[in-house]
Colleague: 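Before I ask anything, here is the structure I am working with.
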Amino acid sequence: MPTPTSYRWPLYRRLSSPRVDWTPQLVACTLSISLVSLGLGGAVALAGTHHHALAYLVGSSIALALIPWLFVVPVQTLPIITLVVTLLVPTDIAQLPILLQGIAVGAIPLVIWIVRAPSYRVSSVIRMLALALFAWMVLGEIFAPLHTNRGVARMVTAAITLVLSTWRAPIGLKPASFRAAFLKITTVLGSYGIVEGFVFHRNVLFSSLFSHTTWWAALKDDASYRITTLLGHPLVNGTIFAAAAVLAASELVERRDQPWQAYVRLLILMGAVLATHSRSAAIALAVGVVVVIVFSRTRRKGQGNRRVILIISAIIGAAIIVSGLQARDESSGGRASAAFRITVLKETRETLNVMGPLGAGPGQSDAYRALRQLPGWETSLEDSYAEIAVSLGLVGLLLMVGLLAAPIVVGLQTPLVVGEAAALLTILVDIAGFNTIEGHTSVLVLIALLTISILTGVNLNRAESEGEAHTDPRRPARGLLGSC
């Protein structure tokens, strides 16, 4: 009689079979998505001019053409499409139509992938956390003191990226393939960021995409130039480059061949983090590298030497980054930013005192504080966890933190995805320094991809272990010596 193990082991062998070559499809999809990225980027650029109606028409046409196409392409290509769209489609919520404000474009291929693909078995604890968070979000939306289109869009994005992706982790993403694609894209962007930040001191290629945003003018007050690349806000650049640098550090310790290629990639990504002049990204990077050093358990020749190289590089890199951040620390903008973040806890506490346990409603923290004219309402809460506390209440904050932390716990226990778990932890540390959840929802898609990669690695590791247990003739059978 078939058992769950008898299904999972053939699935693992089928996913890892070298006879299935998706390279042509991946190349075609990458080229297609690149064209779509240019189209959407052009639409956003037009939105900053008097051609707003034309931008709406261009963006809508591309979206209508893209969505049916996502139901036709091989389902195995949807994870890469999601990653490419998330990293290479430059969008800013202030310039999108009001109905789309707050939605991450990468959530569209992500939800189609989740719907089309079969799912892995997910821990009952993670599923319960996801269900509880979704129920709390729905209650918060029903009883919210105000409702905005942007808040609803943010709730939909969070439901897709944080709840649905963990409740039903889709099959089709190989951790190694995701890691390779993510590192290749971010290395190219990081190389451009280094040239942008330390050579030209301006975004030569993409400045027209962001010059209309609300944060662009504020960058001129900084003592040092902060890169924007194709990712937009310097803090978003810091988050993504820090996560990529941690994955590169994991590659340096774990990969079998070409360790110097991984080392060069690590240096490039650390340089990109330095070019953002983001203090929270620097702290998060340090935490992620320490986790990689402590938890990497692969037993391969030369791994000890690579670990030593990583430790020395981390120390040197930390010294360079700290010295590079001194100019920002001493600038008026840097001091004002630090002082403002100190007041976040006080403003959050004052907001929680005047609202109910369900919070202001998903994605409504800024709107609620502006409606009630609460202290500091003119600016966003520069802390993602403070935003969540205001939007969902303390219970919602605990549920979301638990749901985000659970994959990290299981990932650090699985050698295959220690790097992904450390990268996810890096993001969670970094977003405590700015308003990611409501202000930059594309980061939520990256969190979802890392979570799915971790859950996939855990399932593949379990399937491999159970398959070896069934095929190893030296292992005693259950019911005989194995049951003693």
Colleague: Do the ring centers of His233 and Phe210 come within less than 6.0 Å of each other?
Modeller: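 Ring centres of Phe210 and His233 not closer than 6.0 Å.
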Colleague: Sequence neighbours left out, what passes side chain to side chain donor-acceptor pair (under 3.5 Å) with Thr426? Give chain and number order.
Modeller: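 Scan of Thr426 (side chain to side chain donor-acceptor pair (under 3.5 Å), adjacent residues dropped) gives none.
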Colleague: Without hydrogens or angle criteria, can the side chains of Thr228 and Asn203 be said to hold a donor-acceptor pair below 3.5 Å?
Modeller: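 Per modelled atom types, Thr228 and Asn203 side chains form a pair under 3.5 Å.
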Colleague: May I have all residue pairs that pass ring pair (Phe, Tyr, Trp, His ring centres under 6.0 Å) and include part of residues 149-177, sequence neighbours excluded?
Modeller: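 For residues 149-177: none.
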Colleague: So, for Tyr192 and Phe206, is the gap between ring centers shorter than 6.0 Å?
Modeller: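 Close enough - the centres of the two rings lie under 6.0 Å apart.
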Colleague: Distance-only criterion, 3.5 Å: show the donor-acceptor pairs between side-chain atoms of residues 443-450 and protein atoms not counting sequence neighbours.
Modeller:
none

Colleague: Please check this pair: side chain of Thr414 against backbone of Val417, looking for a donor-acceptor N/O pair closer than 3.5 Å.
Modeller: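 Answer holds: no.
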Colleague: What residues form a side chain to side chain donor-acceptor pair (under 3.5 Å) with Tyr225, not counting sequence neighbours?
Modeller: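 For Tyr225 the side chain to side chain donor-acceptor pair (under 3.5 Å) partners, ignoring immediate neighbours, are Glu196.
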Colleague: Tell me if a side-chain donor or acceptor on Ser177 pairs with a main-chain N or O of Leu173 at a distance below 3.5 Å.
Modeller: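 Not a single qualifying donor-acceptor pair exists.
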Colleague: For His147 and Gln364, test the side chains for any donor-to-acceptor distance below 3.5 angstrom and give the result as yes or no.
Modeller: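 Checked: His147/Gln364 side chains show no N/O donor-acceptor pair below 3.5 Å.
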Colleague: Looking only at atom types and distance, does a side-chain atom of Asn435 sit under 3.5 Å from a main-chain N or O of Leu381, one as donor and one as acceptor?
Modeller: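 Answer holds: no.
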Colleague: So, using side chain to side chain donor-acceptor pair (under 3.5 Å) as the criterion, who are the partners of Arg116 when residues are at least two apart?
Modeller: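 If we apply the side chain to side chain donor-acceptor pair (under 3.5 Å) test to Arg116, skipping adjacent residues, there are no hits.
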Colleague: Please list, chain by chain and in numerical order, all residues satisfying side chain to side chain donor-acceptor pair (under 3.5 Å) with Asp383, sequence neighbours excluded.
Modeller: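 Checked Asp383 against side chain to side chain donor-acceptor pair (under 3.5 Å); zero matches.
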Colleague: Is the CZ atom of Phe200 crowded by more than 12 outside heavy atoms at less than 6.0 Å?
Modeller: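 No, CZ of Phe200 has 12 or fewer neighbouring heavy atoms, counting only those of other groups under 6.0 Å.
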Colleague: Please test Phe182 against Ile240 for side-chain contact (heavy atoms from CB on, under 4.5 Å), starting from the C-alpha separation and ending with a verdict.
Modeller: CA-CA 10 Å; Phe182 181 51; Ile240 294 176; 4.2 Å; yes
Colleague: Between Thr229 (side chain) and Leu231 (backbone), is there a donor-acceptor pair under 3.5 Å?
Modeller: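 Confirmed, Thr229 side chain pairs with Leu231 backbone.
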